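The figures here come from the full heavy-atom set of this structure, side chains too, leaving out hydrogens, waters and symmetry mates. Here the structure is a predicted model, which is why all the values come from computation and not from measurement.
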Amino acid sequence: LQLRKMEGLPEDVRQQAESLLRQQQQQQQQGAQMMAPSLDILMDEADPEQLKYLLTMRAQMPDDVFRQAMMLLPRRDSASGEEEEQTLDSLMRQADPEHLQHLLLHKDQQGMSDDIFFQALKLLPERAAPAELLPPPTHSVGLDVLGEPTEVPHGMTAAERSAWERDGMFWRRKVFTREQALVCKEAVRAACTEHVAPLGMISGPGARVFFADDPTAPPCITEIVTAPGVLGPVREIVGDNTDYLYTKVVWKDAEVQTGFGWHWDHAYWGGAPKYSTWVALDDAEIANGCLQLVPGSHKIIPQLRERFCKDFRRQRDEVEDPWLTRSGGPPTKGDDFIIEQDALDVFLKEHGLGRETHDAVAGDVLFFSSYTLHSSHRNQIGSADRWALISTYRDASTEDSSRVFLRPRPVLRGACSALGRKAASENPTPKAELTARYILPGSEVHEAAKMILRDGVAVH
């Protein structure tokens, strides 16, 4: 019921959920042992360490909640056994959604019993609108890192620099060996299933997102995004102080038939300009869905936006399939970009540009701007695999209003990759935040969410 507003679930799903909830409530009233004991139990079972933890959250905690925790702690510390007149039921009911969510996500560490956990799970939707459940704001990493400026990667060749300025893109071939690409493909394939991926990280047909601090990301992703053959051009394109934002794994195979309609990535992210690499983990051609690109399109984005782009994510009709155009079908008003092929060809010809099909060999790397217009061919059923990594970077010295990337990882500081690694090690994501943002398979919250979204409703 809570995800109804955020995920656009069909009306019949909402009605079924409400019906099931009423049945459970009726069973509870008839004496069935369901999951709604009084939160007085939390008062009875709370130990001093739990109360002390609440006090460490003073900056976010309302004054009345803080005072009550302060009042409870001495009685628990003294082990006097005296009963407290006020119960933790009132404490929970005054806590804001962030506190309730934190309790849910730290069940194991705080020794919370199952009945308390489910009571908190029940309270959270009552206390929070969907917007309040969003992760914390963007974390920025400082630019100043002490150390000698060593390991500065080489930049672009003259030909690459010319292509970048003219086209907003260029290929660097055979950056990785076929063997390296295959090893990485198998590693990310294993991480791209709902049994392994955190809740919500599988973002659509044939796609999984790994943010820079994702604890489930295979090590090969880090090796690729920080390889000298990648960071060299990135340093010259982005700047001496570069943050790595995320990698999106995209795949097509004999069973997954999909394409992606024409678009430019900046429309999804907003904020400061960003720059990406597309790393081929398989050979790519038309049959298995290789890329289409429009060199030079980064210079005509205002005209493209005026001609084709809708008010992004505000005109969706949820009864329509937002992936339809991207998978090769006709455009619908439910899609973010309505760019028909014939109309695009006419538009590009007016501006002296044209679309191109680009094959790739495993290990090739495409460097492209977030303003470069691109798409992919729809693969054929039974075609060979086509796996790729799309990694994105930004200039760490430029203010970015985008809230998509919460924990960037510094990969270059002062043009030095060694300093970037040092900056990353000095700014780890706190375990509490990792737990709150990545709802991992096997955790209590993940299992509860699966239970809520069972009966054929996709967990992601």
Sequence-distant partners of [X], salt bridge (Lys or Arg N to Asp or Glu O under 4.0 Å), two or more places apart:
X	answer
R409	none
E186	R189
D395	none

Task: Crowding at NE2, H351 (>12 non-hydrogen neighbours, <6.0 Å) - done: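 Yes, because the 6.0 Å sphere around NE2 of H351 holds more than 12 heavy atoms from other groups.
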
Enumerate the salt bridge (Lys or Arg N to Asp or Glu O under 4.0 Å) contacts for [range], please, sequence neighbours excluded, ordered by first and then second residue.
range	result
residues 356-367	R173-D364
residues 414-425	E151-R421
residues 214-229	R208-D214
residues 262-275	K274-D400

Open item on the list: Going by the rule ring-ring contact (aromatic ring centres under 6.0 Å, His included), which residues pair with Y393 if we only count those two or more places apart in sequence or in a different chain?
Closed with: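 Here the qualifying residues are Y244.
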
Is there a donor in the side chain of [X] and an acceptor in the side chain of [Y], or the other way round, less than 3.5 Å apart?
X	Y	value
S391	K248	no
H358	W171	yes
T372	S297	no

Task: Nearest non-hydrogen partners of L231 and T226, listed with the distance - done: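 L231 and T226 have their closest heavy atoms at CD1-O, 3.6 Å.
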
Open item on the list: Considering only residues two or more places apart or on different chains, which pairs with a residue in residues 215-242 satisfy ring-ring contact (aromatic ring centres under 6.0 Å, His included)?
Closed with: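 Every candidate ring-ring contact (aromatic ring centres under 6.0 Å, His included) pair involving residues 215-242 fails, so no pair, neighbours aside, qualifies.
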
- [ ] State whether the side chain of S369 and the backbone N or O of Y371 hold a donor-acceptor pair below 3.5 Å, judged by distance alone.
- [x]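 Yes, because the side chain of S369 sits within donor-acceptor range (under 3.5 Å) of the backbone of Y371.
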
TODO: Mark yes or no for whether D167, through its side chain, and W164, through its backbone, hold a donor-acceptor pair below 3.5 Å.
DONE: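 Such a contact is absent between D167 side chain and W164 backbone.
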
Open item on the list: Quick test of your reading of the model: are D385 and K185 salt-bridged, counting only N-O distances below 4.0 Å?
Closed with: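 Judged by the 4.0 Å cut-off on N to carboxylate O distance, D385 and K185 do form a salt bridge.
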
[X]: which residues meet the side chain to side chain contact (heavy atoms under 4.5 Å, CB included) condition with it, sequence neighbours left out?
X	answer
A187	P218, C220
D213	F211, R407, T429, L434, R437, Y438
H377	I286, C290, Q292, T357

Open item on the list: For W269 and Y246, take the angle between the two ring planes, folded into 0 to 90°, and tell me which bin it lands in: parallel under 30, tilted 30 to 60, perpendicular over 60.
Closed with: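 Perpendicular.
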
